[in-house]
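Remarks on the structure that follows.
Values below: all heavy atoms of this structure, side chains included; hydrogens, waters and symmetry mates excluded. Remember, it's a predicted structure, so these values are computed and weren't measured experimentally.
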Amino acid sequence: MLETTVVVIGGGATGMGTLRDLSMRGVPAILLEQGGLAHGTSSRFHGLLHSGGRYVVNDPESARECIEENMILRRVGKQCVEVTEGLFVLTPKDDPTFVEPWIKGCAAAGIKAEEISPAEARRLEPDLTPDAQRVFRVPDSCVDGFRLVLHNRMSAERYGGRALTYHEVVAIRQRNGAVCGVTARNLMTGETVDIACRMVVNAAGSWSGEVAALAGLEAAITPD
Ligand SMILES: Cc1cc2nc3c(=O)[nH]c(=O)nc-3n(C[C@H](O)[C@H](O)[C@H](O)COP(=O)(O)OP(=O)(O)OC[C@H]3O[C@@H](n4cnc5c(N)ncnc54)[C@H](O)[C@@H]3O)c2cc1C
């Protein structure tokens, strides 16, 4: 039987980031992933590293979290970020009264939104609509999910963390109402692996409801 402090379930961006963070803090941890690395949403997304610009008016809290995370990722995941930056564009079809609250929202959230001329914007992005009336440059960029997860794994392992792929968690064991271990199935060999632990992190994305159910808990997840 293996033994650790924390078992992280799910080897996507959330789980592998958690494993890296725990490992760098000196907390013994093992991650279990049922497929290969980034088997779930973390390899099937659009690759936009959000600046938070799209949320500043309707969801300022998310906007602040986005820009904070964006700046952290540029630092700790440098090789995974392509610094393309992004453009927010006002066209004749858009509501021009949205611009001022949007600019104020960006300032409040700490998102740098720099107005550039439509001509300059077309120089940067030749396929931009010729109808552009106002253009703002924001720190939206591109993130490579595969690399991010791989690099986080490499970093976590340098600090003693372990990640086991093709290991599906099939049971979360408890004693006196507290987690004491998990059971995983090695999908390559069919073997069963027991890991004693004191804590479990459910980073199973769309599968979180099913993983919570293994601990007798209910999490209403509706993938869409
Ligand atoms: C179409 C689409 C486009 C998106 N575009 C963007 C974007 O441009 N920018 C952005 O920031 N976000 C985007 N997102 C959101 C982003 O992709 C997700 O927030 C992120 O990938 C979630 O990562 P995760 O690690 O939480 O989940 P996942 O990557 O899904 O990881 C969960 C992992 O858990 C594993 N797992 C599940 N059950 C078990 C088990 N029993 N045992 C072991 N392992 C298990 C799965 O195999 C999976 O690998 C997009 C999402 C979608 C759907």
Does [X] belong to the same Ile/Leu/Val/Met/Phe/Trp/Tyr cluster as [Y], with side-chain heavy atoms less than 4.5 Å apart forming each link?
{"X": "Tyr55", "Y": "Ile103", "result": "no"}
{"X": "Leu37", "Y": "Leu19", "result": "yes"}
{"X": "Val193", "Y": "Met1", "result": "no"}
{"X": "Leu22", "Y": "Met16", "result": "yes"}
{"X": "Val138", "Y": "Val135", "result": "no"}

To the nearest 0.5 Å, how far apart are [atom1] in [X] and [atom2] in [Y]?
{"X": "Leu2", "Y": "Leu32", "atom1": "CG", "atom2": "CG", "answer": "9.0 Å"}
{"X": "Glu82", "Y": "Arg147", "atom1": "CD", "atom2": "CZ", "answer": "10.0 Å"}
{"X": "Met71", "Y": "Leu49", "atom1": "CE", "atom2": "CG", "answer": "8.0 Å"}
{"X": "Ser117", "Y": "Arg123", "atom1": "OG", "atom2": "CZ", "answer": "9.5 Å"}
{"X": "Cys142", "Y": "Leu48", "atom1": "SG", "atom2": "CG", "answer": "7.5 Å"}
{"X": "Leu164", "Y": "Ile30", "atom1": "CG", "atom2": "CD1", "answer": "6.0 Å"}

If we only count heavy atoms from C-beta on, is the [X] to [Y] side-chain gap below 4.5 Å?
{"X": "Leu73", "Y": "Cys80", "answer": "no"}
{"X": "Met199", "Y": "Val7", "answer": "no"}
{"X": "Trp207", "Y": "Ile9", "answer": "no"}
{"X": "Phe98", "Y": "Leu90", "answer": "no"}
{"X": "Ile116", "Y": "Leu124", "answer": "yes"}
{"X": "Ile172", "Y": "Val211", "answer": "yes"}

For a quick test of reading the model, state the closest non-hydrogen atom pair linking [X] to [Y] and the distance between them.
{"X": "Val149", "Y": "Ser42", "result": "CG2-CB, 4.5 Å"}
{"X": "Leu128", "Y": "Ala121", "result": "CD2-CB, 3.6 Å"}
{"X": "Val89", "Y": "Ala132", "result": "CG1-CB, 3.7 Å"}
{"X": "Ser206", "Y": "Thr41", "result": "OG-OG1, 4.0 Å"}
{"X": "Ala63", "Y": "Gly52", "result": "CB-O, 3.5 Å"}
{"X": "Ser23", "Y": "Ala156", "result": "CB-O, 3.6 Å"}

Exercise. If you measure only the distance, is there a donor-acceptor pair under 3.5 Å linking the side chains of Gln133 and Thr91?
Worked result: no
Check: [Y] main-chain N/O paired with [X] side-chain donor or acceptor under 3.5 Å:
{"X": "Asn70", "Y": "His50", "answer": "yes"}
{"X": "Ser141", "Y": "Thr84", "answer": "yes"}
{"X": "Arg185", "Y": "Thr192", "answer": "no"}
{"X": "Arg44", "Y": "His39", "answer": "yes"}
{"X": "Ser43", "Y": "Gly40", "answer": "yes"}
{"X": "Ser155", "Y": "Arg20", "answer": "no"}
{"X": "Thr18", "Y": "Thr14", "answer": "yes"}
{"X": "Asn202", "Y": "Ser208", "answer": "yes"}

Exercise. Is there a salt bridge (Lys or Arg N to Asp or Glu O under 4.0 Å) between Arg74 and Glu85 once you walk through the steps?
Worked result: CA-CA 12 Å; Arg74 285 171 192 242; Glu85 309 301 77; 3.1 Å; yes
Exercise. Does atom CE of Met154 have more than 12 heavy-atom neighbours, drawn from other residues, nucleotides or ligands, at distances under 6.0 Å?
Worked result: yes
Problem set entry | Greater than 12 external heavy atoms within 6.0 Å of Gln174's CD | yes
For this session: Using the side-chain contact (heavy atoms from CB on, under 4.5 Å) rule, pick out the option among Asn152, Leu150, Asp144 that qualifies with Leu148.
Result: Asn152
For this session: Kindly indicate, with the supporting measurements, whether the criterion side chain to side chain contact (heavy atoms under 4.5 Å, CB included) is fulfilled by Phe88 and Arg54.
Result: CA-CA 9 Å; Phe88 271 65; Arg54 66 165 67 173; 4.2 Å; yes
Exercise. Is the shortest side-chain N to carboxylate O distance from Glu61 to Arg64 below 4.0 Å?
Worked result: no
For this session: Apply the test side chain to side chain contact (heavy atoms under 4.5 Å, CB included) to residues Arg162 and Thr4: give CA-CA distance (whole Å), side-chain angles for both, the deciding distance (0.1 Å), then the verdict.
Result: CA-CA 10 Å; Arg162 281 184 73 184; Thr4 190; over 6 Å; no
Exercise. Does the pair Arg153 and Glu157 meet the rule for a salt bridge (Lys or Arg N to Asp or Glu O under 4.0 Å), with working shown?
Worked result: CA-CA 6 Å; Arg153 179 192 195 164; Glu157 285 179 342; 3.1 Å; yes
Problem set entry | Derivation and outcome, side chain to side chain contact (heavy atoms under 4.5 Å, CB included), residues Arg173 and Val179 | CA-CA 6 Å; Arg173 297 191 307 281; Val179 166; over 6 Å; no
